Each structure stands twice: as C-alpha cells, then as structure tokens.
Amino acid sequence: TEGSINVPNGGTAGGLIGWTIGGDRRVSVENSYSNAQVTANDGAGGLIGGAKLTNIYYCYAVGKVKTVGEVVGGLVGDIDTSTATSSYWSAELTGQLRSALGMNTATSNLTKQEVYSGWNFSTIWAIEEGKSTPYLQGLKIPAEVYDIFEKYGALEGSGTSKDPYLIHDVKELKNIKYDNG
C-alpha cells in the first residue's frame, strides 16, 4: 500500500489493515508491505493497527505512523495472541521506536536483501540491492520503493515548538510536507 490513511474520530488504523481478528482459524498476513502514512486517533500501526489471533509473515512497513493514543507501533500497534516472522519496520521512517510485533531495522539496511531472512526473492519478492526496498514481482514497481530515503528522510527534531525541525537544505525543507503532525 501507499498513500495516506487518516482516521481522526476514533478507531484503529494500519497502512494495510485496521484490525485482524482470527477465530477458529488464525488470520495470516503474508508477503505484504506498506509505505502509507497512517494517522489515527485511538491507535495506529504501519502495517496493521491491531491483530488478534494473527500470524504475520514476510512483511514490512516504512510510512510515517502517528496517533494521539497510546497504542502505536512501527509495524503493528496492538496485539492479542499474534506473531510476526521475518517482518520489519524502520523507527527512522515510521517515527515509532516500538512495535507490538516485528523487528526494527535501520533505514540504511532496508535496501539489502540479506536483511530479509527467509524471504522468497526467487518468485515473490524483488529488490535492487542498495537502491530499493523489496517489492512484489509481477506488479508495477512503485516509485516509492526507490525514493523512500528522499520521501521519508529523517529530519532532526520532532516538529514541535520544544523540539523544532532543523532544516539544512531544500530537500529537508520539502520533506516537512510528509509530516502528518
């Protein structure tokens, strides 16, 4: 997914899924990614806002994630009896230092195939080493997998009056538009 998800009046949001709730059978979310920006009032996750009885495999999230609530995560905001296998988020890009599931991965490592343990780069995923984040084979290649560092490049500061952004060049000035604050 790409774009912007905004749920201002309650509810939980994720870049791909708001909530998954498994029953007799667990829900599986596999081979998915989101670079969508997520803003929610109650809770948010870069890929999934909340997961109950859910297994997540081979996924990642890199879009900015914000909420005024306490339930928030770079990959998954809230969980109940759920797991994540070989799934990642970047604290630098999502703006979140924690996630209910998944592994925080340095932005500089997101373009390295070796980071994505167990991922199928033969038939499902593709990556241009050092240039892109993974993308699904057989689909149009989203520009966002290439311009991730330019689009979401980390700015010094948090954009508040107590901790303002420190702008060093025109590129950083343009990156402010990606802040949903």
Side-chain angles (χ1 to χ4, degrees), residues 1-7 10-67 69-127 129 132-142 144-145 148 152:
T1 59
E2 55 191 62
S4 181
I5 293 98
N6 187 5
V7 182
T12 299
L16 181 64
I17 299 168
W19 266 99
T20 61
I21 301 174
D24 293 339
R25 294 185 185 193
R26 293 175 73 89
V27 172
S28 285
V29 179
E30 301 178 31
N31 298 311
S32 301
Y33 68 96
S34 176
N35 54 27
Q37 296 179 57
V38 180
T39 305
N41 192 40
D42 288 338
L47 186 74
I48 301 173
K52 181 175 183 177
L53 297 169
T54 301
N55 296 326
I56 302 165
Y57 304 98
Y58 317 114
C59 296
Y60 76 92
V62 292
K64 189 71 93 177
V65 181
K66 294 185 175 187
T67 183
E70 294 180 22
V71 178
V72 63
L75 185 71
V76 180
D78 191 15
I79 61 164
D80 180 0
T81 318
S82 295
T83 65
T85 301
S86 196
S87 295
Y88 310 92
W89 92 95
S90 165
E92 292 172 278
L93 301 176
T94 64
Q96 298 303 318
L97 297 175
R98 64 181 182 173
S99 182
L101 294 171
M103 288 181 37
N104 180 14
T105 303
T107 302
S108 59
N109 289 330
L110 292 174
T111 62
K112 298 175 183 176
Q113 181 175 329
E114 67 190 36
V115 168
Y116 301 94
S117 176
W119 288 38
N120 180 340
F121 284 95
S122 298
T123 59
I124 297 174
W125 293 97
I127 192 170
E129 194 76 22
S132 76
T133 54
Y135 53 89
L136 296 168
Q137 293 182 23
L139 299 175
K140 180 183 173 202
I141 301 171
E144 285 77 13
V145 300
I148 190 165
Y152 297 113

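The figures that follow rest on heavy atoms only: side chains count, while hydrogens, waters and symmetry mates do not. Positions are given from 1 along the sequence. All of these numbers come straight from a predicted model, not from anything done at the bench.
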Mutual orientation of the aromatic rings belonging to W119 and Y116 [parallel < 30°, tilted 30-60°, perpendicular > 60°]: tilted

Given T105, T107, N109, the one that forms side-chain hydrogen bond (donor to acceptor under 3.5 Å, both in side chains) with S90: T107

Any donor-acceptor pair under 3.5 Å from Q113 side chain to E129 backbone: no

Heavy-atom check, side chain of Y88 versus side chain of P134, under 4.5 Å: no

Interatomic distance, R98 atom CZ to N104 atom CG [nearest 0.5 angstrom]: 13.0 Å

Spatial distance of atom CH2 (W19) from atom CG (D78) [nearest 0.5 Å]: 4.0 Å

Check: A40 main-chain N/O paired with T67 side-chain donor or acceptor under 3.5 Å: yes

Audit row: W89, V76, side-chain contact (heavy atoms from CB on, under 4.5 Å) steps and yes/no: CA-CA 9 Å; W89 92 95; V76 180; over 6 Å; no

Check: T94 side chain, G74 main-chain N or O, donor-acceptor pair, under 3.5 Å: no

Minimum heavy-atom distance D42-G11, with the two atoms named: OD2-N, 3.0 Å

Separation of T12 OG1 from N41 CG (nearest 0.5 Å): 9.5 Å

Under 3.5 Å: donor-acceptor pair, side chain of S86, backbone of S117: yes

Y57 and V29, any side-chain heavy atoms less than 4.5 Å apart: no

Closest contact, heavy atoms only, A61 versus G46: CB-C, 3.6 Å

Spacing of I21 atom CD1 and L53 atom CG [to the nearest 0.5 Å]: 9.0 Å

T133 versus Y60, side-chain donor and acceptor atoms under 3.5 Å: yes

Least distance between heavy atoms, L101 atom then S82 atom: CD2-O, 3.8 Å

T83 and N55 side chains, donor-acceptor separation under 3.5 Å: yes

Minimum heavy-atom distance between Y135 and V145, given as atom pair plus value: CD2-CG2, 3.9 Å

Inter-residue atom distance L47.CG - T1.OG1, 0.5 Å rounding: 7.0 Å

A36 backbone acceptor or donor facing E2 side chain under 3.5 Å: no

Nearest heavy atoms of Q96 and V65, plus distance in Å: NE2-O, 2.6 Å

Whether over 12 other heavy atoms sit under 6.0 Å from I124 CD1: yes

Nearest atoms (heavy-atom pairs only) where I5 meets G15: CD1-O, 3.7 Å

Min side-chain heavy-atom separation V62-E144 under 4.5 Å: no

Distance, nearest 0.5 Å, that separates OG1 of T54 from CZ of R26: 7.0 Å

